[in-house]
Amino acid sequence: MSKSTPKHGLFTHVKGELAWTIAEHRSPSEAITLTRHLTDADEGRYELLGLVNECEVALFWDYFWNHVVAAGFDVDGVDDLARDAPEEIRYAGREDYFAEVDLEDWDWIHPRHQWRAE
């Protein structure tokens, strides 16, 4: 493999793990589409943190407002992530948020944050 060839193993693993979890909790036939919508939204201002409520709700970190956005998602896409955040739910950063939540209750934790549950 040349040095210019990108490594897609980790990204493929994340998508596979996410699709598998969605298929177990929701619809196997829609898992790939739902995974694509979630990973497409996981960029720039928003970072996918995980899934809760039987994989019905995706949690994203909003870097603009420093808070978590809980969004529903279906085959048509992810609900609107750009909402105004009330002052009282802003955090100093993700560390503060993760210190307050019980990750044992989550259905899926993005691999970049799974170490927090250990």
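Not measured: the values here are computed from a predicted model.
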Is any side-chain heavy atom of V101 less than 4.5 Å from a side-chain heavy atom of W106?
yes
Nearest non-hydrogen partners of A19 and A31, listed with the distance:
O-CB, 3.4 Å
Please, which pairs that meet salt bridge (Lys or Arg N to Asp or Glu O under 4.0 Å) have at least one residue in residues 23-39, sequence neighbours excluded?
R26-E56
Any salt bridge between K15 and D42, counting N to O under 4.0 Å?
no
In Å, rounded to the nearest 0.5 Å, how long is the span from NE2 of H67 to CZ of F60?
12.5 Å
Interatomic distance, Y46 atom OH to W61 atom CH2 [nearest 0.5 angstrom]:
12.5 Å
Exactly one of I22, L51, L59, L49 should register a side-chain contact (heavy atoms from CB on, under 4.5 Å) with W108. Which one does?
L51
Same apolar cluster: L81 and L48, side chain cutoff 4.5 Å
yes
Whether the H110 and E17 side chains hold a donor-acceptor pair (N or O, under 3.5 Å, no angle test) is what I'd like checked.
no
dist T35:OG1 -> L38:CG (nearest 0.5 Å) comes out at 6.5 Å
Same cluster (ILVMFWY, side-chain, under 4.5 Å), L18 and I32:
no
OG1 (T33) and CG (D74) are apart, to the nearest 0.5 Å, by 10.5 Å
Examine distances only and state if a side-chain atom of D79 and a backbone atom of G72 form a donor-acceptor pair shorter than 3.5 Å.
yes
What's the shortest heavy-atom distance between H37 and D76, and which atoms?
NE2-C, 3.9 Å
Could you state the interatomic distance from OG1 (T21) to CG (D107), rounded to the nearest 0.5 Å?
8.0 Å
Working to the nearest 0.5 angstrom, can you tell me the gap between C55 SG and F73 CZ?
6.0 Å
